[in-house]
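Below is one structure; the comments refer to it alone.
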Number of protein chains: 2
Amino acid sequence: MRLLIIEDEPGIAGFLKDGLEEEFFAVDIAYDGKTGLDLALINEYDLLIIDWMIPALSGIEVCRQVRKAGNPVPILFLTAKDTLEDVVFGLDAGANDYVKKPFEFEELLARIRVQLRNKNKTDDSLTAGLLNINPATHQVFCASNEIFFTPKEFSLLEYLIRNKDRVCTRSRIIEHVWDIHFDSDTSVIDVYITFLRRKLEAAGAGNIIQTIRGVGYIVREPGTS
Amino acid sequence: MRLLIIEDEPGIAGFLKDGLEEEFFAVDIAYDGKTGLDLALINEYDLLIIDWMIPALSGIEVCRQVRKAGNPVPILFLTAKDTLEDVVFGLDAGANDYVKKPFEFEELLARIRVQLRNKNKTDDSLTAGLLNINPATHQVFCASNEIFFTPKEFSLLEYLIRNKDRVCTRSRIIEHVWDIHFDSDTSVIDVYITFLRRKLEAAGAGNIIQTIRGVGYIVREPGTS
DNA sequence: AGAAAGCTTAAAGGTTGCTTAAAATTGCGG
DNA sequence: CCGCAATTTTAAGCAACCTTTAAGCTTTCT
């Protein structure tokens with residue numbers, strides 16, 4: 001999961017980055033609106049966190065531009081202004097939620113989770129067949145037996161299962177799991193797919209990762225034809 | 001747009017109903033959790049507005065039950081409690097947003113609009129008869145059965161169906177699908193048309209690709225003369 | 001009937017993905 | 001700060017599959 005924070009105060013930005021990285025998000029920071037907008041348009045983020053008052057281009061304007069470009073990424077506003085007009089204005093400009101400063105980190109986290117949940121339609125905990133995946137604790141169980149995965153392995157498996165029953169293209173995988181945003185001829189994905197399959201097979205989960213040649217991979221929920 | 005309000009205080013419920021009907025929503029009211037849950041499961045609402053403290057079944061419990069039934073309808077909580085735990089708890093239970101009482105009607109309305117905005121997004125998949133083609137995921141379904149195509153096969157099928165009800169000449173096909181910009185006497189197209197027809201026939205889609213001798217091919221939408 | 005166009009099949013060769021091993025990097029404890 | 005162990009990445013050989021070619025067969029039109 002990849003987030004972009006657009007916030008000019010280094011203190012707040014750093015605090016957020018540290019906290020969110022502890023929660024296993026990949027976090028980028030932009031210190032002004034223009035840089036932020038460029039990053040948001042070039043890269044594929046899962047969520048944008050934007051401060052209302054930032055230099056170069058206001059938060060609301062960044063929001064509008066992102067929407068104008070047809071990008072449906074969830075946007076969460078941070079704002080010290082708490083008058084009603086501002087809230088309405090922000091939400092109507094295309095924001096999905098807002099948090100008033102000063103905020104508590106836990107609430108921000110909860111609201112981030114809501115936005116990301118909407119993105120990946122799976123509301124419940126992540127499961128696929130016998131597998132049960134807990135993103136909060138980085139644990140994976142196969143019918144009560146725990147399987148141990150390294151961070152990258154886990155990240156790849158999580159991405160595949162969040163997109164269960166949908167094809168994950170190689171370029172999307174490399175973007176979301178490896179944060180690589182240019183074409184490259186690496187074969188890391190192949191290697192990690194092999195790792196995952198080996199561990200899953202050994203744990204009795206079967207081969208749930210299917211290859212779509214020339215495109216990518218898909219994890220299917222058994223029983224879904 | 002159809003909304004359900006689950007709220008036990010008739011004053012608030014009535015005020016909301018009137019206000020929302022003025023905004024052209026169709027509004028139902030349930031005065032306790034149990035009735036509300038039944039209504040939510042029986043009918044198809046575009047949004048639920050649920051008070052936290054209601055008789056018979058708590059708001060949070062209604063929320064959980066709705067999600068457990070696999071219903072992804074947006075849920076917006078109304079609550080007087082504004083402690084941090086409650087916010088986190090409510091959002092994690094499957095709610096999409098949260099408004100603290102006393103709230104201003106304008107803000108509620110803005111938040112409702114945000115939730116409903118997602119409803120209007122159109123799926124950009126292509127269809128022809130029973131076929132449904134999703135270019136984003138490279139998947140093809142024939143009435144819920146997935147058909148697998150190789151990259152070139154997919155590309156050709158996509159081109160034909162994007163140009164549904166129009167004749168696709170051989171030279172245009174070779175230009176768009178194969179990137180060949182000079183005349184050539186290859187017979188790849190014939191071969192791939194055979195591949196497509198075989199897979200489509202096997203999946204029960206019938207022979208939807210018609211040959212126009214001397215010109216090219218056409219896919220017709222059934223029912224169009 | 002003959003010719004032109006399209007269909008089908010099989011086999012060559014090209015590309016992609018899988019696997020393995022080793023090198024590079026990271027993270028942790030001393 | 002350094003060394004060791006675990007993780008991640010690179011690279012190469014191999015296998016599987018996809019694409020293309022080409023040849024023979026069928027259909028359609030004159």
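What's counted below: heavy atoms across the whole structure, side chains too, no hydrogens, waters or symmetry copies. Note that the structure is a prediction, hence the values are computed from the model and not measured. In what follows, chains are A, B, ... by sequence order, proteins preceding strands, each numbered from 1.
Computed from coordinates, the B:Leu156 CG to D:dT19 C1' distance equals 13 Å when rounded to whole Å. Distance CD (A:Gln210) to C1' (D:dC17): 15 Å, rounded to an integer number of Å. As rounded to whole Å, 15 Å separates atom P of D:dC17 from atom CZ of B:Phe195. In this structure, CD1 of B:Ile209 is placed 11 Å from P of C:dT8, rounded to the nearest angstrom. In this structure, the NZ atom of B:Lys199 is 16 Å from the C1' atom of C:dT8, given to the nearest Å. The nearest whole Å value for the distance from the CD1 atom in A:Ile189 to the P atom in D:dT10 is 12 Å. Rounded to whole Å, the distance from OH on A:Tyr192 to C1' on C:dT19 is 15 Å. The distance between atom CD1 of A:Ile212 and atom P of C:dT15, rounded to the nearest whole Å, is 22 Å.
Taking 4.0 Å as the cut-off between side-chain N and carboxylate O, B:Asp97 and B:Arg111 count as a salt-bridged pair. Using a cutoff of 4.0 Å between basic side-chain nitrogens and carboxylate oxygens, B:Arg220 and B:Asp165 are not scored as salt-bridged.
When each of D:dT21, D:dA12, D:dT19 is scored by its nearest atom to the side-chain atoms of B:Ser187, the top-ranked nucleotide is D:dT21. Comparing D:dT20, D:dC29, C:dG17 against the side chain of B:Val188 picks out D:dT20 as the nearest. Of the candidate nucleotides D:dT8, D:dC29, C:dT9, D:dC29 has the atom nearest to the side chain of B:Arg213. Comparing D:dT20, D:dT9, D:dT10 by their nearest atom to the side chain of A:Trp178 picks out D:dT9. Nearest nucleotide to the A:Val191 side chain, out of C:dT20, D:dT8, D:dC18: C:dT20. Relative to the side chain of A:Thr194, the nucleotides D:dT21, D:dT28, C:dC18 differ in distance, and C:dC18 lies closest.
B:Arg197 and B:Thr211 share a donor-acceptor pair across their side chains, judged by distance under 3.5 Å alone.
Under 4.0 angstrom from either OP1 or OP2 of C:dG17 there lies at least one side-chain N or O belonging to A:Arg170. Proximity of A:Arg198 to the phosphate of C:dT20: a side-chain N or O atom is located under 4.0 Å from OP1 or OP2.
B:Tyr217 comes within contact range of the sugar-phosphate backbone alone, with a heavy-atom separation under 4.0 Å but no base atom that close. Backbone-only engagement by A:Thr186 is indicated by non-hydrogen atom pairs under 4.0 Å involving sugar-phosphate atoms exclusively. At a threshold of 4.0 angstrom between heavy atoms, the contacts of A:Phe148 are confined to the sugar-phosphate backbone, with no base atom among them.
Ring centroids of A:Phe105 and A:Phe15 are separated by less than 6.0 Å, placing the two rings close together.
Taking the six-membered ring for Trp and thresholds of 30 and 60 degrees, B:His176 and B:Tyr159 have nearly parallel ring planes, at less than 30 degrees apart.
Each of A:Val215 and B:Asp190 lies near DNA chain C, and the nucleotide nearest B:Asp190 is the one positioned closer to the 5' end.
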